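So the structure is just underneath, and the comments pick up after that.
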Number of protein chains: 2
Amino acid sequence: MSARIRVLVVDDHAMFRAGVKAELGDEVDIVGDVGSVDEATSAIRELRPDVVLLDVHLPHGGGVAILEALGDSLPATKSLALSVSDAAEDVIAVIRAGARGYVTKTITHDELLDAIRRVHAGDAVFSPRLAGFVLDAFASTKPVTTDPDLDRLTQREQEVLRLIARGYTYKEVAARIHLSVKTVETHVSSVLRKLQLSNRHELTAWATDRRLL
Amino acid sequence: MSARIRVLVVDDHAMFRAGVKAELGDEVDIVGDVGSVDEATSAIRELRPDVVLLDVHLPHGGGVAILEALGDSLPATKSLALSVSDAAEDVIAVIRAGARGYVTKTITHDELLDAIRRVHAGDAVFSPRLAGFVLDAFASTKPVTTDPDLDRLTQREQEVLRLIARGYTYKEVAARIHLSVKTVETHVSSVLRKLQLSNRHELTAWATDRRLL
DNA sequence: GGTTCAATCAGGGATGTCCCCGATGGCGGC
DNA sequence: GCCGCCATCGGGGACATCCCTGATTGAACC
């Protein structure tokens, strides 16, 4: 028998994490469980799990923030999003950020185990109900929730935009994504110019309006 | 040692039920766990648990439907609501329907165990953050809107606070209410100090949180 | 009459924001 | 090969934010 899959559980509810451990601990190797975005990013970097079981709704940016923080620095680690929500925008956002699957928390023990194994093997896994509009969003010419304004921004600009809109100073943003303050300034300037905004307050309002936070 | 408290777990997520069982099974007697409104009502009638751990958000009516179906037919069975939501309307609704307590799922093992024991003993239990507006909604003649933090600010400070939180610069605020920029600065400083905030971004978040805009 | 407090304003300084100018290296298109 | 775009960084400057100290007026309270 081959080695067990190493799984990290990220969810802000300790009770839920305990549930996953109790249910799956025999079949996979739960290498850790954490409850916040910051803990998650460092835990993933340290533990290098095979699969991250990732709650979508977390304080301070949610699962998306974790995936963005990691970028593609750890290609061997696959993420499986796990959420109570079946809203299209949640699904799209987290898949765009790099998750390899998305299942809702109504899932059973066997289904979840199967999902983890398939994600680890490289498959994309979706709850049946979600498969429909996920395919819509990616295969069709007209995606469901793409924002023409947002698409005109580069990846880096969107990344900076999210952090600025959350109230971080330039210096804090720079530290968080390892850039110089000057580079952050440049990106913010581009964002403001492209979106026709005049300062960071309007940017916060703009982002709140679009629920990018 | 007295008999263990008999607990029924109602939640539509099997994983969460497993978590509660794994975490509390040693200290209380989990007599059953169910995932739907119908199962819950019959299970409660059959098993007569001491405490029902009740998820608020369920398909087909939620925890409220279960409480209403039972009415006061089983006074010995107390219900403790357990939810991801901390929205006032959810709390009020489930308490009105007869729950004896309400805690959010961010709760720790020890806190939940304590909550179960206190509900069983006849106490009402609320997460600290919720206690405030529950009391407001039931005891006060004035509805929920009073805010102790806001009351500690003077009229002028509240006025400035609202404008700053909307993104106006000091200069714009000064022009709008016919003051010098320096006076606006003074008021903002007072507001930040009194509310224990460190900059205008946190202030915006604070105000948005309270729907002051 | 003295005290306390809200409201108003000023000077000065540290830091943050936003813009201008410029530069380099990489990558893709024609 | 050149051009455009992206990402990265720097200098310098204008202005905004946030803090400090310190001041005056008027109204309320005892």
Side-chain angles (χ1 to χ4, degrees), chain A residues 67-73 75 96-98 146-208 212-213, chain B residues 147-208 212-213:
Chain A
L67 291 168
E68 284 178 349
L70 291 176
D72 45 15
S73 61
R96 269 194 207 283
T146 22
D147 190 317
D149 290 329
L150 196 59
D151 275 1
R152 289 174 39 237
L153 303 180
T154 66
Q155 274 313 109
R156 214 43 163 170
E157 285 165 355
Q158 294 185 29
E159 208 176 337
V160 171
L161 153 63
R162 283 187 172 77
L163 292 170
I164 290 296
R166 286 196 197 110
Y168 293 104
T169 65
Y170 291 177
K171 191 191 286 184
E172 287 165 344
V173 173
R176 188 166 275 248
I177 54 181
H178 308 296
L179 290 180
S180 93
V181 174
K182 275 298 180 181
T183 306
V184 175
E185 287 186 34
T186 304
H187 289 313
V188 172
S189 282
S190 305
V191 170
L192 293 178
R193 182 174 39 76
K194 287 184 181 176
L195 300 181
Q196 314 248 63
L197 303 174
S198 60
N199 58 46
R200 59 175 301 155
H201 311 304
E202 290 182 13
L203 200 155
T204 301
W206 186 89
T208 309
L212 295 182
L213 312 182
Chain B
D147 191 319
D149 289 330
L150 197 58
D151 277 357
R152 290 174 38 235
L153 304 181
T154 67
Q155 274 314 109
R156 215 43 162 172
E157 285 165 353
Q158 292 186 31
E159 210 174 337
V160 171
L161 154 63
R162 283 185 172 78
L163 293 170
I164 290 296
R166 285 197 193 105
Y168 292 104
T169 65
Y170 290 176
K171 191 190 284 185
E172 287 166 344
V173 172
R176 187 169 275 249
I177 53 181
H178 308 294
L179 290 179
S180 93
V181 174
K182 276 298 183 180
T183 306
V184 175
E185 287 185 34
T186 304
H187 288 314
V188 172
S189 281
S190 306
V191 171
L192 292 179
R193 183 175 36 76
K194 287 185 181 176
L195 299 182
Q196 313 245 63
L197 303 174
S198 59
N199 58 47
R200 59 174 300 154
H201 311 304
E202 289 182 12
L203 200 154
T204 301
W206 186 91
T208 310
L212 295 182
L213 311 182

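Order of the sequence lines fixes the chain letters, A, B, ..., with proteins taken first and strands second; residue numbering starts at 1 for each chain. A quick note: this is a predicted structure, and the numbers were derived from the prediction, not measured.
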request  = Answer with yes or no whether the side chains of B:Ser180 and B:Thr183 bring together a donor and an acceptor at under 3.5 Å.
outcome  = yes

request  = State, yes or no, whether a side-chain contact exists between B:Val173 and B:Glu185 at a heavy-atom distance under 4.5 Å.
outcome  = no

message = Looking at B:Gln158 and B:Gln155, would you say the former's side chain and the latter's main chain have a donor-acceptor pair under 3.5 Å?
response = no

ask   = So, is A:Thr154 near the phosphate of D:dC6, with a side-chain N or O under 4.0 Å from OP1 or OP2?
value = no

remark   = side chain to side chain contact (heavy atoms under 4.5 Å, CB included) test vs B:Tyr168 passes for just one of B:Leu163, B:Val184, B:Val160, namely B:Leu163

query = So, is B:His187 near the phosphate of C:dT8, with a side-chain N or O under 4.0 Å from OP1 or OP2?
reply = yes

message = Could you check whether any side-chain heavy atom of B:Lys194 comes within less than 4.5 Å of a side-chain heavy atom of B:Glu157, counting everything from C-beta outward?
response = yes

request  = Report yes if a side-chain nitrogen or oxygen of A:Arg156 is closer than 4.0 Å to either non-bridging phosphate oxygen (OP1 or OP2) of D:dT8; otherwise report no.
outcome  = yes

ask   = With side chains defined as the heavy atoms from C-beta onward, is the minimum distance between B:Thr204 and B:Thr208 less than 4.5 Å?
value = yes

message = I'd like to compare against my own output: the B/S/- annotation of nucleotides 15-26 of chain D with a strict under-4.0 Å heavy-atom distance to protein.
response = -SSBB-------

query = Distance-only, no hydrogens or angles: does the B:Arg200 side chain make a donor-acceptor pair with backbone N or O of B:Ile164 under 3.5 Å?
reply = yes

inquiry  = Any side-chain N or O of A:Thr183 below 4.0 angstrom from OP1/OP2 of D:dA7?
reply    = no

ask   = Among A:Leu161, A:Val191, A:Leu192, which residue meets the side chain to side chain contact (heavy atoms under 4.5 Å, CB included) test with A:Trp206?
value = A:Leu161

request  = Would you kindly give the CD-to-P distance between A:Gln155 and D:dA7, to the nearest whole Å?
outcome  = 8 Å

request  = Please round to 10 degrees the angle between the axis of the first five pairs and the axis of the last five pairs in the helix from C:dG1-D:dC30 to C:dC30-D:dG1.
outcome  = 30°

